[in-house]
**Student:** 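Supplied in structure tokens, the structure appears directly below.
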Amino acid sequence: MAKIAPSILSADFSNLEQEIKKVEDFGADFIHIDVMDGNFVPNITLGPCVIESIRKVTNLPFDVHLMVENPERYLKDFAEAGADIISFHQEATHHVHRTIQDIKKLGIKAGVAINPATPVSLIEDILEEVDLILVMSVNPGFGGQSFIKSALKKISTLKQIILKNNYKTLIEVDGGINEDNAEKIVKAGADILVAGSAIYKSCDPKGVIKKLKLI
Ligand code: DX5
Ligand code: ZN
């Protein structure tokens with residue numbers, strides 16, 4: 001059974017407390033928080049202040065997805081604001097291994113995200129070190145895009161390497177996930193599904209989370 005991480009990027013930002021409590025009641029496992037800097041990706045979202053203020057509305061773990069250049073500059077700020085997991089992009093720093101170590105030193109979990117064009121081979125050497133790999137199945141920057149099918153092969157390649165080596169690394173998949181394609185994604189090897197618009201833009205978010213969790 002997959003774990004579900006609703007992305008609040010598609011939530012109503014004027015009522016974040018309600019939007020977070022709602023998905024918690026419906027059985028979400030994490031809250032996925034998309035941080036964009038207008039530099040690594042062509043969009044700007046939120047920073048540590050917002051995370052700090054929503055930290056008090058839920059006990060669900062905060063899964064913070066940093067889409068920012070040089071993420072190493074902000075790790076402490078996000079950890080202090082309440083992140084339980086920080087994932088940064090392989091493409092956004094020269095020092096992937098060091099950044100993983102720095103996140104772990106802060107006492108939280110570390111993830112590395114890879115864009116659709118980034119091959120698994122580029123993160124193979126750090127797989128054992130990270131708690132999760134975040135496979136992007138859209139180009140990061142916006143919610144509501146379509147799932148890029150080549151992500152499926154990438155997920156299964158990753159899963160094979162993880163199983164073969166007995167690593168504990170989880171696979172999280174992010175972008176364009178909905179009730180129609182979730183089964184294929186989980187079959188390929190995903191452990192955590194991120195879903196933004198499929199949950200928040202639905203007239204039955206409870207039903208969507210229930211369905212996704214049963215896969
Ligand atoms: C995209 C973000 C995603 C986004 C997913 O850059 O990382 O987390 O919110 O949204 P959907 O599920 O609508 O593709
Ligand atoms: Zn994300």
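For reference, positions follow the sequence shown, starting with 1. First listed ligand is number 1; within each ligand, the first listed atom is number 1.
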**Student:** Which protein N, O or S atoms does the Zn ion (ligand 2) have within a distance shorter than 2.8 Å?
**Tutor:**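 Near the Zn ion (ligand 2), below 2.8 Å, one finds H32 NE2, D34 OD1, H65 ND1, D174 OD2.
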**Student:** Salt-bridge test for K213 and D29: reply yes if a basic N is under 4.0 Å from a carboxylate O, no otherwise.
**Tutor:**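 Answer for the salt bridge query: yes.
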**Student:** Is the shortest heavy-atom distance from the side chain of S87 to the side chain of L132 under 4.5 Å?
**Tutor:**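 Yes; the side chains approach each other to less than 4.5 Å.
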**Student:** Between CG of D204 and NZ of K211, what distance do you get to the nearest 0.5 Å?
**Tutor:**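 Reported value, rounded in 0.5 Å steps: 9.0 Å.
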**Student:** For residues 32-60, pull every pair meeting salt bridge (Lys or Arg N to Asp or Glu O under 4.0 Å), keeping only residues two or more places apart or in separate chains.
**Tutor:**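 Those involving residues 32-60 are R55-D84.
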**Student:** Picking from H65, M136, H32, K3, what satisfies side chain to side chain contact (heavy atoms under 4.5 Å, CB included) with E172?
**Tutor:**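 Of the listed options, the one satisfying the test is H32.
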**Student:** Do the side chain of S137 and the main chain of G175 share a donor and acceptor less than 3.5 angstrom apart?
**Tutor:**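 Checking the backbone N and O of G175 against the side chain of S137, a donor-acceptor pair under 3.5 Å is found.
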**Student:** Counting only heavy atoms and a distance below 4.0 Å, can you name the residues contacting ligand 1?
**Tutor:**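 Those residues closer than 4.0 Å to ligand 1 by some heavy atom are S7, L9, H32, D34, M36, H65, M67, M136, P140, G141, F142, G143, G144, D174, G175, G176, V194, A195, G196, S197.
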**Student:** Are I171 and V135 side-chain neighbours, meaning at least one heavy-atom pair lies under 4.5 Å?
**Tutor:**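 The answer is yes, as the side chains (C-beta and beyond) meet within the 4.5 Å cut-off.
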**Student:** Give the table of side-chain donor-acceptor pairs shorter than 3.5 Å for residues 108-124, with sequence neighbours excluded, one pair per line with atom names and distance.
**Tutor:**
| unit_1 | atom_1 | unit_2 | atom_2 | d |
| --- | --- | --- | --- | --- |
| N115 | OD1 | H89 | ND1 | 3.4 |
| T118 | OG1 | E91 | OE2 | 2.5 |

**Student:** Assess whether a salt bridge exists between D12 and K22, defined as any Lys/Arg side-chain N lying under 4.0 Å from an Asp/Glu carboxylate O.
**Tutor:**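 A salt bridge is absent here (no side-chain N lies under 4.0 Å from a carboxylate O).
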